[in-house]
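All values derive from a computational prediction rather than experimental measurement.
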Amino acid sequence: IKDYNSAIELSPLDREYAFLYYNRGIAYYNIGNYEQATRDFKIAARLGFRAAQDFLENEGLAGEPYSHQAAFIVKEGGKHLTNQIFNLLK
């Protein structure tokens with residue numbers, strides 16, 4: 001998870017790296033942190049990562065609104081980046 005966090009900090013909203021959110025989501029899912037896993041799957045899905053979209057659809061979460069703040073994703077991303085991530089989760 002730490003490695004995914006580091007990689008995401010380098011390119012937090014780059015569509016080419018949406019798989020990082022998905023893979024980190026799997027890691028969180030495997031340790032039972034389903035809330036964080038769902039957050040990461042939703043970001044990956046919004047960035048166009050099909051496997052994340054499929055997962056959310058299969059779990060019945062694809063249309064579920066998500067309005068929590070997303071500052072946890074990139075600790076030092078600043079307000080602008082936090083707002084961009086928050087908008088992805090709307």
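- With sequence neighbours left out, Tyr17 forms a side chain to side chain contact (heavy atoms under 4.5 Å, CB included) with Ser11, Asp14, Phe19, Leu20.
- To the nearest 0.5 Å, atom CG of residue Asn23 and atom CG of residue Asp40 are 10.0 Å apart.
- Through side-chain heavy atoms spaced under 4.5 Å, either directly or across other Ile, Leu, Val, Met, Phe, Trp or Tyr residues, Ile31 is tied to Ile1, Tyr28.
- Annotation: ring-ring contact (aromatic ring centres under 6.0 Å, His included) contacts of Tyr29 (sequence neighbours excluded): Tyr34, Phe55.
- Considering CD1 of Ile8 and CG of Asp3, their distance stands at 11.0 Å, rounded to 0.5 Å.
- Listed by chain and number, the residues in a side chain to side chain donor-acceptor pair (under 3.5 Å) with Asp54 are Arg50 (sequence neighbours excluded).
- With sequence neighbours left out, Ala44 forms a side chain to side chain contact (heavy atoms under 4.5 Å, CB included) with Tyr21, Tyr22, Phe49, Ala52.
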